[in-house]
There are 2 protein chains.
Amino acid sequence: MPKVTPKPTTIEHVDLDVLENTLSFYIRTMNIAVSRDLDERLEGYDVARGTGKITTLLLVDSHPGIRPSVIAQIIMKDRSAMGRLIDQMIEHGLLTRQTSERERRAHELFVTPKGAELAATIRPIVTEQSKDFFSFIAEEEQAQVMDILRRAYRKMVGMTGEQH
Amino acid sequence: MPKVTPKPTTIEHVDLDVLENTLSFYIRTMNIAVSRDLDERLEGYDVARGTGKITTLLLVDSHPGIRPSVIAQIIMKDRSAMGRLIDQMIEHGLLTRQTSERERRAHELFVTPKGAELAATIRPIVTEQSKDFFSFIAEEEQAQVMDILRRAYRKMVGMTGEQH
DNA sequence: TATTGTTATACTCTATAACTATA
DNA sequence: TATAGTTATAGAGTATAACAATA
């Protein structure tokens with residue numbers, strides 16, 4: 001039975017019902033806020049808005065020749081969403097795409113000079129944004145949350161073992 | 001300088017660049033996965049898809065007469081997005097809306113019998129989904145993450161003090 | 001003049017299914 | 001038959017600005 005508190009007119013008197021103890025609620029809500037903040041910081045750059053463009057650019061930059069399907073797995077999108085993301089980034093002159101010689105079904109992605117420059121530009125912005133946005137959480141707690149979510153994420157996408 | 005690993009063809013050889021240590025990346029990526037899973041569990045119910053319908057229904061159910069603007073703050077949407085969410089839920093016969101007598105600018109929201117029934121139906125589904133989805137994280141770690149994110153969330157939306 | 005809520009618009013993301021080409 | 005990627009489409013969310021009514 002939910003506790004009933006009638007007509008709260010300010011947020012301070014509101015109880016979140018079962019969502020109070022629901023991790024997915026906090027993940028989903030924090031996502032809205034952190035994504036909005038990130039978009040503001042990236043205003044004007046070709047990677048603002050939506051999830052995936054930043055990851056795609058940085059991955060192609062540091063893994064020349066990476067395949068769309070590998071990136072899709074990392075950002076949890078399907079191949080069709082991935083394709084449109086890449087089309088858009090190619091139109092913006094950030095990436096190029098070519099058929100793999102060893103696997104003629106597959107594509108290989110590369111950054112253009114413009115893409116490489118943008119990657120270098122946003123790398124510190126993305127890092128700073130996360131630090132700043134979560135700065136009201138103690139640094140060791142940030143690290144704790146990140147450590148746990150990182151392990152969860154790795155299991156989920158099938159990254160086994162350590163990368164470092 | 002990013003480490004360069006050319007042409008990975010499987011996810012196991014991929015390094016996440018600076019995103020490896022960026023909390024916002026994990027929040028944004030886990031959000032995609034957890035939202036997709038939640039949508040699947042709520043398939044066929046009027047609160048599936050998007051963020052906000054579940055929270056709105058549960059809050060109106062447990063706080064009869066609550067104002068749209070208060071809910072908007074809780075789910076981090078603006079008033080216009082909130083308005084459309086409410087319109088949609090009224091069309092589906094879940095909520096009713098009336099002008100507040102004390103504050104004729106404001107509205108008060110109430111659940112219909114159908115809305116109350118749906119709230120009772122989804123309350124356990126939402127709770128279960130979060131537990132199940134994160135079940136590959138040890139329970140005490142889930143609690144740790146939730147505790148930290150809950151405090152972060154409360155600060156962010158301006159909920160001061162304890163609710164319990 | 002500030003606040004609550006509505007309307008309109010343009011943009012983008014999401015999910016799905018059908019499709020081509022290669023293996 | 002399975003895999004990598006493309007295309008098309010319908011539904012939905014997002015951001016913004018201009019608006020009306022009330023305080």
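Each chain gets a letter, A, B and so on, in the order its sequence line appears, and its residues count up from 1. All values derive from a computational prediction rather than experimental measurement.
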Q: Which whole-number value in Å describes the distance from B:R102 CZ to C:dT4 C1'?
A: 15 Å
Q: How many Å lie between CD1 on A:I11 and P on C:dT4, as a whole number?
A: 13 Å
Q: Is a donor-acceptor pair below 3.5 Å formed from side chain B:S80 to base D:dT16, judging by atom type as modelled?
A: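 Side chain to base: pair found, below 3.5 Å.
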Q: DNA chain D: B:R105 or B:Q88, which has the more 5' nearest nucleotide?
A: B:Q88
Q: Step by step, would you call B:T112 with B:T96 a side chain to side chain contact (heavy atoms under 4.5 Å, CB included)?
A: CA-CA 7 Å; B:T112 61; B:T96 61; 3.7 Å; yes
Q: Roughly how many Å is it from CE in A:M89 to P in D:dG5, rounded to a whole number?
A: 16 Å
Q: Would you indicate, yes or no, if C:dC13 has its OP1 or OP2 atom less than 4.0 angstrom from a side-chain nitrogen or oxygen of A:K53?
A: yes
Q: Given D:dT6, is OP1 or OP2 found less than 4.0 Å from the side-chain N or O atoms of A:R97?
A: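 Checking A:R97 against D:dT6: at least one side-chain N or O falls below 4.0 Å of OP1 or OP2.
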Q: Counting heavy atoms not belonging to A:Y45, are there more than 12 under 6.0 Å from its OH?
A: no
Q: Using a strict 4.0 Å threshold on nitrogen-to-oxygen distance, state whether B:E139 and B:K131 make a salt bridge.
A: no
Q: Quick one: is C:dA10 close enough that its OP1 or OP2 comes under 4.0 Å of any side-chain N or O from A:R49?
A: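 No, because none of the side-chain N or O atoms of A:R49 sits under 4.0 Å from OP1 or OP2 of C:dA10.
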Q: From D:dG5, C:dT7, C:dT4, pick the nucleotide closest to the side chain of B:S69?
A: C:dT4
Q: Closest nucleotide of DNA chain C for A:T51 versus for A:R79: which of these residues is on the 5' side?
A: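 It is A:T51, whose closest nucleotide lies nearer the 5' terminus.
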Q: Should the pair A:D17-B:R123 be classified as a salt bridge under the 4.0 Å nitrogen-to-oxygen rule?
A: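 Salt bridge flag = yes for B:R123 with A:D17.
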Q: Send over the distance from A:E40 CD to D:dT14 P, rounded to a whole Å.
A: 15 Å
Q: Choosing from C:dA23, D:dT7, D:dA23, which nucleotide comes nearest the side chain of A:R104?
A: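 Of C:dA23, D:dT7, D:dA23, C:dA23 is nearest to the side chain of A:R104.
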